[in-house]
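Have a look at the structure below, then the notes.
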Amino acid sequence: MGQIIDIWLSRPNLITFILIFLWGLYIMIAHHNLIKKLIGMYLVQTSVIFFFVTISAKSGATVPILFDDGAMQPVQYANPLPHVLMLTAIVVGVATLGVSLALVIAIYRQYQSLDEEEILSQRLE
Amino acid sequence: MDEGALMNFLANVSLLLLLIMTAAGAVLVKDLIGAVLILGSYSFFLALTWAWLGAVDVAFTEAVVGAGLATVFFLLTLFLTVPREKQGQLPRVQWPVFVGLPLLGALLLFVATDLPEFGDPASPPNTHISPVYLENSLKDTETPNVVASVLMDYRSFDTLIETVVIFTSGIAAALLLWRKKS
């Protein structure tokens with residue numbers, strides 16, 4: 001058991017990822033307010049991106065911008081591939097956020113409310 | 001742990017604590033404009049953490065697109081709707097949530113033992129394909145920034161289709177907002 005706790009303590013970024021991911025997922029499922037649900041969605045997206053960027057880190061390495069074309073060692077630079085994929089993921093995440101916020105505005109124009117329970121009760125009438 | 005490693009660890013952990021606190025605050029604050037602004041500060045702390053991990057391009061993008069554009073989108077939505085949530089409401093208590101989410105968390109903690117150690121240069125994601133990009137990009141593309149050369153050169157189709165996704169979402173948002181009330 002002590003060994004497992006050591007493993008968790010040596011990966012603090014992973015613990016943070018799990019906390020923010022579960023928190024965002026819980027808010028997406030349980031919260032009444034549609035804006036708060038979208039805040040939860042944003043937390044889930046950014047936590048997954050955070051996990052991938054954590055994987056790319058190398059201790060003692062610098063940013064992936066080459067400064068010497070002589071004897072180049074890949075160990076000196078952080079892994080650039082997760083950075084590229086996560087750049088795409090950030091922009092696509094904000095695009096989906098924009099569409100869902102437009103949906104929220106359309107729902108508000110129809111029902112005059114952002115509260116899930118109120119919208120459901122209006123639909124049942 | 002020597003002194004430099006300890007300082008690094010403490011800086012990392014304090015940034016992570018700020019992240020968790022702002023993530024919690026963005027949901028717990030009742031006033032929606034306040035919650036959105038706290039979410040913006042969460043994005044900035046995230047950008048800081050990424051810059052600290054060596055992912056400067058991701059940090060720039062998060063600071064501009066995540067903290068800037070997403071906050072502006074949220075604020076525009078709030079100006080077109082209501083800026084406060086209804087008082088006296090707590091999230092519903094549902095038993096599948098309170099069983100499922102701890103189970104998922106326990107599963108994630110369980111598989112943590114198989115993941116590579118934080119910052120290990122010899123871990124599988126850091127050894128297979130990424131050294132090829134680092135070694136060849138200056139020769140192939142004459143761009144010192146490896147992230148830019150992979151994004152615009154080796155994986156330019158990826159970026160092209162990404163702009164298609166953004167265009168589609170822009171059209172979808174415009175159509176939703178121009179819709180007449182039925």
Side-chain angles (χ1 to χ4, degrees), chain A residues 7-8 10-14 16 18-20 22-23 25-27 29-33 35-36 39 43 46 53 55-59 61-66 69 72 74-75 77-81 83-84 86-88 90-92 94-95 97-99 101-106 108-109 114-115, chain B residues 12-13 16 19-20 23 26-27 32 39 46 50 53-58 61-62 65-66 69-70 73 77 80-82 85-86 89 91-92 97 101 105 108 112-113 117-119 121 125-126 130-131 133-135 138 144-147 150-151 155 158 162 165-166 169 172-173 176-177 179 181:
Chain A
I7 285 172
W8 291 339
S10 65
R11 293 163 174 80
N13 293 38
L14 186 80
T16 314
I18 294 172
L19 283 176
I20 296 179
L22 290 179
W23 175 239
L25 201 60
Y26 167 66
I27 293 304
I29 296 169
H31 213 284
H32 287 282
N33 190 281
I35 298 278
K36 286 287 172 76
I39 289 178
L43 291 179
T46 47
V53 173
I55 279 182
S56 79
K58 296 177 189 171
S59 47
T62 181
V63 298
I65 297 172
L66 310 173
D69 48 356
M72 218 284 297
V75 184
Y77 301 100
N79 186 349
L81 193 56
H83 298 184
V84 174
M86 289 312 110
L87 279 183
T88 314
I90 290 174
V91 176
V92 171
V94 170
L97 189 74
V99 175
L101 284 170
L103 270 172
V104 166
I105 294 174
Y108 182 77
R109 285 179 183 165
L114 286 183
D115 190 81
Chain B
N12 190 20
V13 167
L16 296 181
L19 272 182
I20 294 172
V27 176
L32 287 176
L39 192 70
L46 210 55
W50 288 339
L53 290 178
V56 276
D57 300 80
V58 191
T61 314
E62 175 66 26
V65 178
L69 201 60
F73 281 172
T77 312
L80 290 173
T81 56
V82 278
E85 65 179 287
K86 287 179 68 186
Q89 283 175 335
R92 272 167 296 173
V97 176
L101 289 188
L108 286 169
T113 51
E117 200 158 322
F118 175 61
N126 288 344
S130 74
Y133 288 127
L134 282 168
E135 280 160 359
L138 200 60
N145 188 339
V146 187
V147 175
V150 176
L151 188 76
R155 289 177 172 266
D158 213 349
E162 180 203 340
V165 171
I166 297 164
S169 73
L176 279 167
L177 291 178
R179 185 169 151 270
K181 192 177 175 183

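Worth knowing before you read on, the calculation uses all heavy atoms, side chains too, and leaves out hydrogens, waters and symmetry mates. Only a predicted model underlies this, so the values are computations on that prediction, with no experimental measurement involved. Naming convention: chains lettered A, B, ... in sequence-line order (proteins, then strands); numbering from 1 in each chain.
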Q) Yes or no on side-chain contact (heavy atoms from CB on, under 4.5 Å) for B/Arg155 and A/Leu81, after CA distance, side-chain angles and deciding distance? A) CA-CA 10 Å; B/Arg155 289 177 172 266; A/Leu81 193 56; 3.6 Å; yes
**Asked** What's the verdict on side-chain contact (heavy atoms from CB on, under 4.5 Å) for B/Val146 and A/Tyr77, showing C-alpha distance, side-chain angles and the deciding distance?
**Response** CA-CA 10 Å; B/Val146 187; A/Tyr77 301 100; over 6 Å; no
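Heavy-atom distances place both the backbone and the side chain of B/Ala23 under 4.5 Å from chain A. Residue contact with chain B, scored on non-hydrogen atoms closer than 4.5 Å, involves the backbone and the side chain of A/Val94 alike. Both the backbone and the side chain of A/Ile35 come within less than 4.5 Å of a heavy atom of chain B. For A/Thr46, the parts lying near chain B are the backbone and the side chain together; criterion is any non-hydrogen pair under 4.5 Å. Both the backbone and the side chain of B/Val27 come within contact range of chain A, with heavy atoms under 4.5 Å apart. Looking at A/Asn33, only its side chain comes within 4.5 Å of chain B, counting heavy atoms on both sides. Looking at B/Phe73, the atoms closer than 4.5 Å to chain A (heavy atoms on both sides) sit in the backbone and in the side chain alike. Proximity to chain B (any heavy atom under 4.5 Å) is restricted, for A/Ile20, to the side chain, taken from C-beta onward. For a residue to count as touching a neighbouring chain, one of its non-hydrogen atoms must lie under 4.5 Å from one of that chain's; by this rule B/Leu53 touches chain A with backbone and side chain alike.
In this structure, A/Leu19 CG and B/Ile20 CD1 are separated by 5.0 Å, a value rounded to the nearest 0.5 Å. For the atom pair CD1 of A/Ile90 and OG1 of B/Thr61, the computed distance is 5.5 Å after rounding to the nearest 0.5 Å. Residue A/Ile65 holds its CD1 atom at 6.0 Å from CG of B/Asp57, rounded to the nearest 0.5 Å. Atom CG of B/Leu46 sits about 9.5 Å away from atom CG of A/Leu43, to the nearest 0.5 Å. If you take CG on A/Asn79 and CG on B/Asn126, they are separated by 4.5 Å, rounding to the nearest 0.5 Å. Taken to the nearest 0.5 Å, the CG atom of B/Leu39 stands 5.5 Å off from the CD1 atom of A/Ile39.
Each of B/Asn12, B/Leu16, B/Val13 was evaluated against A/Thr16; a single residue qualifies, B/Leu16, per the side-chain contact (heavy atoms from CB on, under 4.5 Å) test.
Taking each heavy atom of B/Val58 and A/Leu87 in turn, the nearest pair found is CA-CD2, 3.8 Å. Closest non-hydrogen pair, A/Ala57 versus B/Phe118, comes out as CB-CE1, 4.1 Å. Of all heavy-atom pairs spanning B/Gly105 and A/Leu22, the tightest one is CA-CD1, 3.5 Å. Across every non-hydrogen atom of B/Leu101 and A/Leu25, the tightest pair is CD2-CD2, 3.6 Å. Heavy-atom minimum distance, B/Pro121 versus A/Lys58: CA-CG, 4.1 Å. The two atoms that bring B/Ala173 and A/Gly98 nearest to each other are CB-O, 4.5 Å, heavy atoms only.
Between chain B and the options A/Val63, A/Val99, A/Leu101, A/Leu103, heavy-atom pairs under 4.5 Å are most frequent for A/Leu101. For the set A/Val75, A/Thr62, A/Leu114, the entry with the most heavy-atom pairs within less than 4.5 Å of chain B is A/Leu114. The choice from A/Val104, A/Val91, A/Val92, A/Val84 that makes the most heavy-atom pairs within less than 4.5 Å of chain B is A/Val84. Taking B/Leu80, B/Ile166, B/Leu151, B/Thr77 one by one and counting their heavy-atom pairs under 4.5 Å with chain A, the maximum is reached by B/Thr77. Note: A/Pro12 leads A/Pro12, A/Ser56, A/Ala78 in heavy-atom pairs under 4.5 Å with chain B. Residue with the most contacts toward chain A among B/Leu19, B/Val82, B/Leu69: B/Val82 (heavy-atom pairs, distance under 4.5 Å). With respect to chain A, the highest number of heavy-atom pairs below 4.5 Å among B/Val150, B/Val56, B/Leu176, B/Thr81 belongs to B/Thr81.
With B/Trp50 contributing its side chain and A/Val53 its backbone, the two residues share no donor-acceptor pair below 3.5 Å.
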